[in-house]
Amino acid sequence: MKRMQSSNVLISGLRGLGVEIAKNVILGGVKSVTLHDQGVAEWYDLSSQFYLREEDLGKNRAEVSQLRLAELNSYVPVTSFTGALTNESLTKFQVVVLTNSSLDEQMRVSDFCHSNGIKLIVADTRGLFGQLFCDFGEEMTVFDINGEQPLSAMISMITKDSAGVVTCLDEARHGFESGDFVTFKEVQGMTELNGCDPIEIKTLGPYTFSICNTSSFSDYVRGGIVTQVKMPKTVAFKSLSSSMAEPEFMLTDFAKFDRPGQLHVGFQALHAFEKKHSRLPKPWSQSDADELVTLAEEVNAAQSGSAKQEQLDQAIIKKLSCVAAGDLAPINAFIGGLAAQEVMKACTGKFMPIMQWLYFDALECLSDAEDAILTEEECAPRNCRYDGQIAVFGSKLQELLAKQRYFLVGAGAIGCELLKNFAMMGLASGEGEVIVTDMDTIEKSNLNRQFLFRPWDVTKMKSETAAAAVKQMNPSIRITGHQNRVGPDTEKIYDDDFFESLDGVTNALDNVDARMYMDRRCVYYCKPLLESGTLGTKGNVQVVIPFLTESYSSSQDPPEKSIPICTLKNFPNAIEHTLQWARDEFEGLFKQPAENALQYMTDPKFMERTLKLPGAQPLEVLEAVYKSLVTDYPHSWEDCVVWARNHWQCQYNNNIRQLLHNFPPDQLTSSGAPFWSGPKRCPHPLEFSTNNDLHMDYIMAAANLFAQSYGLPCSTERSDLTKLLQDVKVPEFTPKSGVKIHVSDQELQSANASIDDSRLEELKTRLPSAEAASQFKLCPIEFEKDDETNFHMDFIVAASNLRAENYDIPPADRHKSKLIAGKIIPAIATTTAAVVGLVCLELLKIVQGHKKLESYKNGFMNLALPFFAFSEPIAAPKHKYYEIDWTLWDRFEVKGIQPNGEEMTLRQFLDYFKNEHKLEITMLSQGVSMLYSFFMPAAKLKERLDLPMTEIVTKVSKKKLGKHVKALVFELCCNDETEEDVEVPYVRYTIR
């Protein structure tokens with residue numbers, strides 16, 4: 001960030017691509033951005049330039065865009081410049097970005113920038129094609145090639161050899177690669193390695209690697225931690241003219257490995273065509289396409305070396321000609337996201353730049369019907385805001401887009417980008433509608449990437465604010481904002497009628513549960529789903545098409561690794577462990593006890609419910625309630641300080657002394673190995689001092705939070721706190737024998753299975769009555785990481801770093817602590833923009849009704865590496881019953897209401913499947929309710945056989961069917977005619 005904040009960036013060309021790059025760079029936070037453009041706004045621009053409006057036609061693009069772009073980030077001065085790009089005007093910039101410029105200007109600017117140490121990016125989009133070129137000078141230092149956290153592993157052995165072999169503990173693979181550099185600490189015996197200069201390694205296996213010559217080193221005894229070191233890498237770039245002749249290509253799609261070379265020639269031919277005619281080829285003009293092929297042949301003939309193509313692909317060059325005049329928001333979003341990330345790489349040296357050319361195309365977006373041919377007339381400009389899109393796809397698609405009814409779930413970073421693209425594309429700009437739902441309000445931390453929001457929108461609802469913002473971009477879009485969470489609770493709103501009226505669903509969610517719920521809804525209603533996500537520089541896109549692809553839920557990521565409880569309680573070895581422990585402390589001190597006590601005071605069934613909890617939980621809950629209401633109950637600020645001081649003593653001194661009493665530093669295991677070795681770090685107790693800032697930070701935060709949870713007045717006076725602490729009498733502590741400390745989670749679970757009944761009875765009798773307790777003021781505290789004044793992060797940082805000091809773990813500063821404890825997911829505008837560009841390309845295919853699996857693309861990217869991969873979606877897996885194939889998209893459709901108006905009975909339902917499908921139902925269920933089974937008692941079966949199906953459902957589930965329910969889902973187990981068990985789809989039983 002510091003490097004970015006010293007970089008002045010020039011962005012030339014403020015059409016759709018230029019404004020996308022500018023938006024992302026300004027959100028990123030450079031020192032200044034200058035917008036350059038000598039052109040005026042035209043109809044063509046409005047299909048993707050989201051900061052131009054119809055009333056801006058004829059005005060300079062840079063001047064109009066400057067006011068709106070400047071609002072994105074008050075820390076980045078944004079100015080416009082409408083003069084010629086002279087060499088002198090370029091000298092004040094560290095990075096120059098050219099878009100919408102001629103090849104002659106690109107060559108001139110490139111030569112000047114290359115010889116003056118100015119980093120250059122050239123970006124261009126032509127309809128469904130994109131081009132990117134980077135020149136960051138002859139010696140560019142990349143400080144971090146991938147952005148990943150340095151890996152760390154614990155050591156179990158190091159050999160003395162010409163290439164010493166390091167073996168790591170087999171708890172987890174080390175994850176290193178040959179060529180990585182590492183350093184060592186805490187090695188006992190072979191101490192020469194501790195704090196050594198970075199050593200290059202060669203991996204030998206998942207738990208072993210070799211290092212330097214260790215034959216003269218001391219013998220290895222035990223322990224040690226090896227940590228990866230990020231080594232700077234120097235990369236060299238050629239100027240545009242040199243690179244044009246000997247291009248180095250970055251592949252975006254391995255299935256199109258020969259495409260970059262063809263497009264390299266094609267784009268040069270486009271420049272030649274534009275220079276000759278002062279225009280681009282007309283949309284879908286066959287004569288212009290033929291001329292471009294001729295020009296491309298001439299360009300290719302003049303090439304030498306690797307730039308020369310053995311055989312030009314005339315079909316690709318013709319397609320380039322047909323769509324070159326187009327201007328598409330999704331392509332600009334994708335290339336603009338990539339280009340903006342390259343600007344940030346140029347400013348910072350963080351992440352590996354594109355070396356040096358990248359070409360991209362999305363020709364799969366054109367109709368996949370065999371007989372589809374677009375005419376020049378159908379794609380001619382109409383002086384409307386969609387001319388740039390009509391030039392590529394024709395006017396019929398524009399009419400289809402206007403009628404679409406889409407449900408967008410989430411209005412965060414991805415949601416904002418989607419809405420911007422929807423507005424530019426003209427989705428729901430006629431009879432259609434976009435319904436966007438998000439129950440969140442806007443927070444300050446959203447503003448670095450959720451670009452539809454401004455500082456004055458903080459605390460407003462996301463969905464409503466985003467809807468209003470895109471209305472400004474395209475007043476024709478019909479959009480409605482909701483504030484509902486999607487889930488079973490809102491199925492009365494998002495019911496059968498709602499889903500059946502949709503053309504598709506787009507997810508912009510931040511959690512897997514909601515994604516899987518929406519996926520199930522889309523499969524049930526047979527609606528296409530566009531799914532995407534980002535994590536820092538990584539992004540993915542998945543397209544789910546009814547009857548064609550698998551669904552989102554068909555595959556799942558492995559579950560996240562959780563930290564074992566015993567590691568947290570007694571044996572931490574990393575700052576992540578102490579931070580999680582601090583978070584658990586926060587919940588266990590300031591939230592859960594108050595919540596439990598409030599429930600005890602207000603809920604008559606609390607005691608009954610608590611006593612039914614498994615293992616030792618009833619005792620733990622009631623102990624906490626007793627502490628909250630009796631032993632720990634404070635009456636003043638002074639009481640809170642005393643409580644905080646005693647709690648400090650307990651956690652950082654007494655408990656550690658007890659642990660060392662049970663397991664002394666020299667303790668051996670049953671096999672004779674040191675107990676305190678490997679992942680177990682031997683702790684030491686801390687001695688409290690009012691002169692230690694960290695100790696005082698803890699007491700100040702803990703006492704204030706404790707006071708808040710009881711509605712007592714607080715204090716921030718440090719000098720008063722010091723005086724109070726001098727009078728606190730801390731009880732003497734002596735470690736006890738017979739205290740059980742669990743070494744493993746299995747031990748802990750078996751111990752938790754038993755319960756001290758006498759203590760439980762004692763607590764039940766000693767607790768004050770609910771009526772008596774109701775006079776107490778209790779206020780559970782919800783953890784909130786973003787408020788700097790609420791003491792939440794102060795407590796977490798102090799609690800974690802004190803525990804880290806106990807175990808000699810390096811502490812974490814407030815920023816790192818906030819990232820880990822607050823579970824902050826890294827998010828940047830560049831990745832979001834690029835991912836959403838790909839999502840909207842898939843949307844264009846869905847609206848056109850593409851039928852072929854290979855037309856659709858799932859996408860994966862990591863802008864840091866950079867890496868791109870596209871694959872066709874996995875086809876929906878097929879199952880068989882009899883000779884019929886069925887997939888997750890199929891179901892039995894049964895109309896519950898018969899022609900005579902009466903509903904089907906269970907007997908009729910069973911007969912229907914026997915007669916129509918030759919299936920004998922052996923079990924029938926709805927949700928968790930078993931409606932019928934072959935082993936059902938005869939009396940119960942007789943009672944149910946002649947009842948209508950809905951009556952059986954309400955009787956068994958004990959729930960009334962809502963009026964919004966039009967159909968029920970039944971699950972079947974069946975036998976075929978040979979009495980073999982067969983797998984069959986579910987039943988959709990329509991009742992209204």
Side-chain angles (χ1 to χ4, degrees), residues 487-500 513 516-526 551 553 879-882 884 886-992:
D489 297 347
T490 52
E491 284 177 11
K492 286 181 183 173
I493 301 162
Y494 306 123
D495 57 9
D496 293 354
D497 289 337
F498 175 82
F499 270 96
E500 282 163 9
D513 290 344
M516 291 182 81
Y517 173 79
M518 286 311 299
D519 180 62
R520 289 194 299 272
R521 300 297 274 170
C522 288
V523 169
Y524 178 69
Y525 292 106
C526 297
S551 78
S553 308
H879 308 272
K880 244 185 174 47
Y881 99 88
Y882 289 114
I884 301 166
W886 63 276
T887 70
L888 73 151
W889 297 99
D890 294 296
R891 74 286 310 268
F892 291 113
E893 292 282 358
V894 178
K895 287 182 178 159
I897 308 301
Q898 298 172 95
N900 62 5
E902 290 184 7
E903 195 196 336
M904 202 180 260
T905 63
L906 176 58
R907 189 191 302 277
Q908 289 167 328
F909 186 87
L910 298 173
D911 289 346
Y912 170 84
F913 273 86
K914 210 163 202 172
N915 300 332
E916 293 292 320
H917 300 290
K918 300 183 179 60
L919 291 171
E920 183 187 348
I921 296 175
T922 54
M923 280 194 281
L924 170 67
S925 61
Q926 193 258 336
V928 294
S929 304
M930 181 66 73
L931 309 181
Y932 163 79
S933 67
F934 69 92
F935 50 79
M936 190 175 269
K940 191 182 275 189
L941 178 59
K942 188 179 177 185
E943 179 192 320
R944 288 188 188 177
L945 273 174
D946 295 314
L947 288 177
M949 294 296 288
T950 52
E951 198 174 317
I952 299 171
V953 168
T954 51
K955 197 171 182 179
V956 176
S957 67
K958 299 184 174 62
K959 287 178 189 170
K960 284 185 179 178
L961 292 176
K963 288 179 182 174
H964 64 283
V965 178
K966 287 171 70 176
L968 297 170
V969 172
F970 296 142
E971 302 282 349
L972 306 177
C973 289
C974 297
N975 289 342
D976 61 14
E977 288 178 307
T978 64
E979 297 194 2
E980 283 289 317
D981 183 35
V982 285
E983 197 179 356
V984 293
Y986 66 87
V987 178
R988 186 169 185 266
Y989 180 81
T990 313
I991 55 174
R992 291 188 177 92

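Every value quoted in this text rests on a predicted model; they were computed, and no experiment measured them.
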(request) Can you sort out the partners of Tyr517 under ring-ring contact (aromatic ring centres under 6.0 Å, His included), two or more places apart, ordered by chain and number? (result) none

(message) To the closest 0.5 Å, what do you measure between OG1 (Thr954) and CG (Leu961)?
(response) 6.0 Å

(message) Less than 6.0 angstrom separating the ring centers of Phe909 and Tyr932, yes or no?
(response) no

(message) Quick check for you: to the nearest 0.5 Å, what is the distance between Lys914 atom NZ and Asn975 atom CG?
(response) 10.5 Å

(message) According to salt bridge (charged side-chain N to carboxylate O under 4.0 Å, His left out), does anything in residues 979-991 pair up with another residue at least two apart or in another chain? List the pairs.
(response) Glu500-Arg988, Glu893-Arg988

(request) Keeping the roles fixed (side chain from Asp496, backbone from Lys966), state whether a donor-acceptor pair exists under 3.5 Å. (result) yes

(request) Could you tell me which non-hydrogen atom of Asp495 sits nearest to which non-hydrogen atom of Lys492, and how far apart they are? (result) OD2-O, 3.6 Å

(request) Please report the closest heavy-atom contact between Tyr986 and Val523, naming both atoms and the distance. (result) OH-O, 4.5 Å

For residues 933-945, tabulate all N or O donor-acceptor pairs below 3.5 Å that involve a side-chain atom, not counting sequence neighbours.
unit_1	atom_1	unit_2	atom_2	d
Ser933	OG	Met936	N	3.4
Glu943	OE2	Lys955	NZ	2.7
Arg944	NH1	Met930	O	3.4
Arg944	NH1	Leu931	O	2.9

(message) I need the Glu916 CD to Phe892 CZ distance, nearest 0.5 Å.
(response) 11.0 Å

(request) To the nearest 0.5 Å, tell me how far Asp890 CG sits from Ile884 CD1. (result) 10.0 Å

(request) Report the distance from atom CD1 of Ile991 to atom CD1 of Ile897, rounding to the nearest 0.5 Å. (result) 7.5 Å

(message) Quiz question: by atom type and distance under 3.5 Å, do the side chains of Glu903 and Thr950 form a donor-acceptor pair?
(response) yes

(request) Indicate the atoms forming the closest heavy-atom contact of Val984 with Trp886, along with that distance. (result) C-CZ2, 3.5 Å

(message) Within the 4.5 Å heavy-atom criterion, are Met949 and Gln926 side-chain neighbours or not?
(response) no

(message) Run the side-chain contact (heavy atoms from CB on, under 4.5 Å) test on Arg992 and Val965 for me, step by step, so that the C-alpha distance in whole Å, both residues' side-chain angles and the decisive distance to 0.1 Å come before the verdict.
(response) CA-CA 8 Å; Arg992 291 188 177 92; Val965 178; 4.3 Å; yes

(message) Test side-chain contact (heavy atoms from CB on, under 4.5 Å) on Val969 and Tyr989; report intermediate values, then the result.
(response) CA-CA 6 Å; Val969 172; Tyr989 180 81; over 6 Å; no

(message) Restricting to ring-ring contact (aromatic ring centres under 6.0 Å, His included), what partner residues turn up for Phe499, sequence neighbours left out?
(response) Tyr525

(request) Only counting residues at least two apart or in another chain, list the ones meeting side-chain hydrogen bond (donor to acceptor under 3.5 Å, both in side chains) with Asp519. (result) Ser551, Ser553

Less than 3.5 Å apart, which donor and acceptor atoms pair up between the side chains of residues 918-925 and the rest of the protein, not counting sequence neighbours?
unit_1	atom_1	unit_2	atom_2	d
Thr922	OG1	Cys973	O	2.9

(request) To the nearest 0.5 angstrom, please state how far the OG atom of Ser929 sits from the CZ atom of Phe970. (result) 10.0 Å

